[in-house]
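Numbers here simply count residues along the sequence, with the first being 1. Here the structure is a predicted model, which means the values were calculated and not measured.
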Amino acid sequence: MKKITLLFAALMLLLSVTAHATELRLNLENPDVRKCLIEATKYEGWELRATYLNANEKLVMVFVKGTDVRTYTSI
């Protein structure tokens, strides 16, 4: 019974983390990664809304699809 409870709790935690993840970290310094990200998001209907350097000098790309916003930050 403990294993089932633990499995259920782990599954719920995984689903809640996945549902709330809006900022992802990628190696955006690599031009191939940027190109693949832009092509993949465009294919899924996302629009590149902004690209900038944050206060830590990390590249940030913001994509919008309807009311959803995804932010990708360089590692």
Student: Does atom NZ (Lys42) have a neighbourhood of more than 12 heavy atoms from anything else shown, all under 6.0 Å?
Tutor: no
Student: Rounded to the nearest 0.5 Å, what separation is found between the CG atom of Leu26 and the OG atom of Ser74?
Tutor: 8.0 Å
Student: Out of Thr51, Leu48, Val69, which one pairs with Val62 under the side-chain contact (heavy atoms from CB on, under 4.5 Å) rule?
Tutor: Val69
Student: Tell me whether Asn56 contacts the main-chain N or O of Lys58 through its side chain, where contact means a donor paired with an acceptor under 3.5 Å.
Tutor: no
Student: List the steps, then state whether side chain to side chain contact (heavy atoms under 4.5 Å, CB included) holds for Thr41 with Lys65.
Tutor: CA-CA 9 Å; Thr41 53; Lys65 180 178 180 182; over 6 Å; no
Student: Applying the 4.5 Å side-chain criterion to the ILVMFWY set and letting contacts propagate, would Leu53 and Ile75 be lumped into a single cluster?
Tutor: no
Student: Nearest 0.5 angstrom please: Phe63 CZ to Arg49 CZ, how far?
Tutor: 11.5 Å
Student: Run the side chain to side chain contact (heavy atoms under 4.5 Å, CB included) test on Leu59 and Arg34 for me, step by step, so that the C-alpha distance in whole Å, both residues' side-chain angles and the decisive distance to 0.1 Å come before the verdict.
Tutor: CA-CA 10 Å; Leu59 184 63; Arg34 286 194 308 266; 3.7 Å; yes
Student: Should Leu28 and Leu37 count as side-chain neighbours, where that means a heavy-atom distance under 4.5 Å?
Tutor: yes
